[in-house]
Structure formats: C-alpha cells, structure tokens
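A short write-up of the structure that comes next.
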Amino acid sequence: MKIKIEEISDNPVINLVTDTIKKKKQAIVFTNTKRSAEKTAEDISKTIKTKDKKLIELSGKVLEVLSKPTKQCERLARCIKKGIAFHHAGLTEKQKELIEENFRKGIIKIICATPTLAYGVDLPAFRVIIRDLRRYSQRGLAYIPVLEYLQFSGRAGRPKFDNEGQSIIITASKAEKKKLKEKYIYGKPEDIYSKLSVEPVLRTYVLSLISSDFVNTREEIFSFFSKTFYANQFSDEYELKAKIEKMLHLLEKWEFVKSSKKEFISADKIEEETYKATQLGKRVSELYIDPLTAHNFIEALKKASKKKIVAFSLLQTISSTLEIRPLLRVKIKEYDKIEEAIARYGSYFLGREPSIYDPEYEDFLRSIKTTLFFQDWINEKDEEYLLENYDIRPGEIRAKIEIADWLLYAMEEICRIIKLQSIIKDIIKLRIRVKNGIREELIPLIKLKNIGRARARKLYFNEIKTIGDVIKVDLSKLTQILGKKTAIEIKKQVGQNFETEKTKEKKQTGLYEF
DNA sequence: GGACGGTGAAACTTCAGGTTGCCTC
DNA sequence: GAAGTTTCACCGTCC
C-alpha cells in the first residue's frame, strides 16, 4: 500500500508521527534501545505545540511517582506535556500504567517504546512505526527475528475503532527496503527451539521431578525426558542421557538427592537404583532456585558462619547467582572504582575471587558493581543518585530488588535447614533493608503501613525512632512531619484513635480511603 | 591578549526484556 | 554497526 505523507522534516519518524496526529490517530514507534526511545520521543515533542490541560496534569503525575524525580522522570514529564511518551522497562510501574491508560483514552498520541510494549501489554494503535529492525547482540548488530517483527506489527489496528492498521518499517535505502520486505513481510517466522538442555534448566527440572516423586529411577528419568519437545527436536539420545547423568551426579554430590545404591540392599533382592530428594533438596526445589545457586549459598553460608561478615558479603553472594542477571555493566571509567571496592571488601567475600586472567573475571567485576548498587540502595541513596552512578533506572531497580528479595528468602530457608542459626538474623535484617532501601536503624519504623523509606527517614530525623516514640509523640507534631491523613492513620496503627468526626462520616458513606 | 561562546567534526561509549519462584501483613 | 553523547579544536567576538 502506498500513502503520501507531508515532509516537514528530514526525519521520517517525525513526518509519520505528525501525519498520524493530523489524522487524529495514534502511533507506537519501536526503537532498539531505551536511549533511542527517549531521544525519539523528545525529538518529536519538540516539534509539537499544544497546551492540553489534561496533558499538563498528567505530566505532573508522572513527575510525582518518586519522592524525588530523576532526570528520566523529568524528561518523560516534558514529553508528556506534548502528548508524547516513551516507554521501557526503566520506568516505574506507576508511570507505565499512567502512559498505557492515557494512551487508551486517546490523551497520549504517540509512544516511543522498546520491545517491552510489544509483549504483555495489550495496547493497540492505528499505526506502528518500526524504526529499527536491528539490535545489538553478541555478534554485533543483528536483524531481529521475524517472530518479533510480527509481535510489533501485531499492535497495529484497534479492533473496535479502526478498519485497518498500519505497520511501517523505516529503511535507509531501496536495497534495504527490498531485503526487509523479503525477510519480514513475505518471510516465514523462525522455528522454535527447546531450551531444556541448558544446564540450569535441566538441573532444576531433574531435581523437581525427583523431589515430587514423579520419577525415581534412572530409567524413569530418561523416559520422561525422551518424551519432551527437546528430545523430539534433537533426538540425540546419547547426549541427553549424558547430560542427565551429569546432573544426577551433581545433585547427589550437593546432597539434594540420595541414591539407593548407598543403602543396604539384601542379597536376594536386586533392586534398581532409585533417587530420592533430601529434605534440603525438596526445599530447594520448592524455592525454585537453580540448584547451583542453592549449593553456592550453602558454601557461602558455611564460610560466613566462621568469620565476620557484613551486608556486602551476603549481597555479593546473591549478586553472583544466575537468577540476578543481567548484572550491571561496568563502564570503562568505572574499572578503577570497582577494583578499589574489591581491595576494600576483599576480606568479606564469601565466594571465590577469580584472577584477572579467568574468563569469568569480567562477570565478577559486574557482580561487584551490582553488589555496590545494592549497598548504596540499602544506605538510602535515592533513585537519581543510582541512575547517575550505576546507570540503573527506577523500573530496573524494582526488578532487581524483587529478585534479591526472593533470593534472600531462599537463603534464609536454606539456612534454617542446614541449621546455621547465627546467620539467619543477619539475613532477615538484610532482607528488610533490601526490600525497603533503608539503613538498619529504620527497621522498626518501616513495619508501619504507609511508611516507606522516605517517611521513615523523616520520622527518624525528627527523633521518632521506635514504635514507642510514635506512641509518645503528639499528633500535631506527627501531622507536621507526615501530613494529617497519614499521621492519624499511623497513630491508629499503634492503637491510638484520633479519628475526627469528618473522617468518621466519610467512612460510613464508604468514601474513606487510605 | 585573554576569556568566552558557538560550531562542527572527531572520538568515544554503549546497546531489549522477562517469567516463574516464596511468604505475608 | 550505529546512534547518541562527549570532547576538542577552531574561529569569531567582546571587553
């Protein structure tokens, strides 16, 4: 199909977007990096002159999601004022919600997004503009799979509102146009391959099958895997068997499963060797962490019980797992800083420190940077600081923290089973700190509902340091610090009722909200 | 003559994201 | 590999 579009700039994306708005339609622009999504949104917004009250209001909301807005928040707010937004995993949940909601309402006209928006979120638009079909990978810039292209263009056309949807690819030349047409528009999507043979996956599933008593003998295990999609696809039975054998051996060595071979079997009974999960193995399987992670935790905890540890020790242990990946990237200028941290905290490490010549050294440095990020987070550094110093955005911070929380929980559980009581306390404390991004002294206050890191710090600063202090302090002072509504609510939580007549009334009519 | 500002080219740096998993007030 | 950012050389201008 051919459509004519007015050329107001030499940037085709801007021309297309302007045309879309003129038609009173909406568009999603897909780019290949977060930075590009932001830049594109900004470039577009600069060409737009509008002063919509709703947009200004929305822009304010977007800016207020954190106690102190980051540069990213400010940039987003500026774009939204013009009805343009960018959307990627670095935004906070609230910001993403606001953008999606207001795009559906038609208030936001254009979203510049990374692939996040093509998955999960149901957000159709009249026009989809795919600016980049190549993305950086290990082998340099590579074309994205056809499947992904289909995912992008699947966003085009709103079933109830439009009769058609447009998916437009931006190309640099005629030759490229022809090539991309062949590959993406007329081409077939790729085959799907099983990832079952990837070691962490295989480890997890072998343990899970044994732990749930779904299979117990070697034969049963082989037979199970031989019916999987993986076996179907590769049909290299020998290789698969060898891999499973290896996994069984490891699980046994790590004491997650026990083989009957080691037990006494009477002479007249030739029993087939069976596998059973140990108590530890069962729990590891329930926790759904990679058995290797669990094993590393156990080794680390054993070391930890024999020496002085600090938050860094445990944070570094969880930053060395596969689950926490991707690790923060160490930038060229940061090498010195990281090396310095290694020197400073070296004695607190619980794992092996690879030498500079080891291939995993690079990952080690990245794990240290990730650890330092966590450490700054629990020392109450704000989002702007973390963005500047670690290049990690609010949305990414949340995602990392959720995984860290889960891992620390798993660590705590393992600790119970292997009976290392002395460390459990440290883990529990750390978990609260990681979850909330607070120093240890705020732990008592954070237990109150509606009190997060910012308010807890405010209270502490005002000499209200414990629940007892909260009870003692009078309402007017608390109101000064937290505002009336929160102050009353907090007082209520510690058993003091200051409900005013007004709020009581509201409550009766069902309008009262916290 | 030096501070300053503007400009553009060259050099440098960095590059998507996610699902499940657990417990709980 | 290329977009986006930073750095730097260069020039003109002003005081």
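Hydrogens, waters and symmetry mates are skipped; everything else that's a heavy atom, side chains included, is used. Note on naming: letters A, B, ... go to the chains in the order of the sequence lines (proteins, then strands), and numbering restarts at 1 for each one.
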Under 5.5 Å between ring centres and under 30° between planes: does that hold for A:Tyr136 against the base of B:dC15? yes
Could you give the CD1-to-P distance, from A:Ile318 to B:dC22, as a whole number of Å? 18 Å
Out of B:dA16, C:dG4, C:dG1, which has the shortest distance to the side chain of A:Leu141? C:dG1
Closest listed nucleotide, where the reference is the side chain of A:Arg131 and the choices are C:dG4, B:dC23, B:dT20: C:dG4
Ignoring backbone atoms, establish whether A:Arg35 has a side-chain N or O less than 4.0 Å from OP1 or OP2 of C:dT5. no
The side chain of A:Ser36 is closest to which nucleotide in this list: C:dG4, B:dC22, B:dC15? C:dG4
Regarding the side chain of A:Arg283, the nearest nucleotide among B:dC22, B:dA16, B:dC15 is B:dC22
Please tell me which of the listed nucleotides, B:dA16, B:dC15, C:dG4, lies nearest to the side chain of A:Glu148? B:dA16
When the nearest nucleotide of DNA chain B is assigned to A:Thr31 and to A:Glu286 on a heavy-atom basis, which residue is associated with the more 5' position? A:Thr31
Within this structure, what is the CD1-to-P distance between A:Ile324 and B:dG18, rounded to whole angstrom? 15 Å
For A:Ile130 and B:dA16, give me the distance from atom CD1 to atom C1', rounded to whole Å. 15 Å
Name the nucleic acid region contacted by A:Lys331, choosing base, sugar-phosphate or nothing; use a 4.0 angstrom heavy-atom cut-off, strictly under. sugar-phosphate
Only residue of A:Val206, A:Thr204, A:Leu280, A:Leu207 satisfying side-chain contact (heavy atoms from CB on, under 4.5 Å) with A:Ser285 is A:Leu207
Quick one: A:Leu328 CG to B:dA16 C1', roughly how many Å, whole number? 16 Å
Would you list the atom pairs, donor with acceptor, under 3.5 Å between side chains in residues 109-122 of chain A and any protein atom, with sequence neighbours excluded?
residue	atom	partner	partner atom	Å
A:Lys109	NZ	A:Gly106	O	2.7
A:Thr114	OG1	A:Thr116	OG1	2.8

Closest to the A:Thr114 side chain, choosing from B:dC22, C:dA3, B:dG17: B:dG17
Provide, to the nearest angstrom, the distance between the NZ atom belonging to A:Lys39 and the P atom belonging to B:dT14. 18 Å
Charged N-O contact under 4.0 Å between A:Glu38 and A:Arg75: yes
Does A:Glu182 pair with A:Lys178 as a salt bridge, N-O distance under 4.0 Å? no
Contact class for A:Asp391 (heavy atom, under 4.0 Å): base, sugar-phosphate, or nothing? sugar-phosphate
Closest non-hydrogen atom pair between A:Pro394 and A:Leu66, with its separation: CG-CD1, 3.9 Å
Regarding A:Ile289, tell me which of base, sugar-phosphate or nothing describes its non-hydrogen contacts under 4.0 Å with the strands shown. nothing
Atom CD of A:Gln421: over 12 foreign heavy atoms under 6.0 Å: yes
Does A:Thr33 place a side-chain N or O at less than 4.0 Å from the phosphate oxygens OP1/OP2 of C:dG4? no
Return the value, rounded to whole Å, for the distance between atom CD1 of A:Ile170 and atom C1' of C:dA2. 16 Å
What nucleic acid atoms does A:Asn32 come within less than 4.0 Å of, heavy atoms only: base, sugar-phosphate, or nothing? sugar-phosphate
Picking from B:dT20, B:dC23, C:dG4, which would you name as closest to the side chain of A:Tyr288? B:dT20
Taking pairing as Watson-Crick or G-U wobble with both contacts under 3.5 Å, can you name the mate of B:dC15, or confirm there isn't one? C:dG1
Hey, does the side chain of A:Lys34 come within less than 4.0 Å of B:dG17's phosphate (OP1/OP2), counting only N and O? yes
Give, for atom CD1 of A:Ile144 and atom OG of A:Ser137, the distance between the pair rounded to the nearest 0.5 Å. 12.0 Å
Atom CZ of A:Arg416 and atom P of B:dC23: how far apart are they, to the nearest Å? 12 Å
Euclidean distance, atom CD of residue A:Glu42 to atom P of C:dA3 [Å, nearest integer]: 18 Å
Distance between P atoms of B:dG18 and C:dG1 (Å, rounded): 27 Å
So A:Glu413, base contact, sugar-phosphate only, or nothing? Heavy-atom distance under 4.0 Å. nothing
B:dT19 versus C:dA2 - spacing of their P atoms, nearest Å: 32 Å
Would you mind telling me which of B:dG17, B:dT20, B:dT13 lies closest to the side-chain atoms of A:Ile332? B:dT13
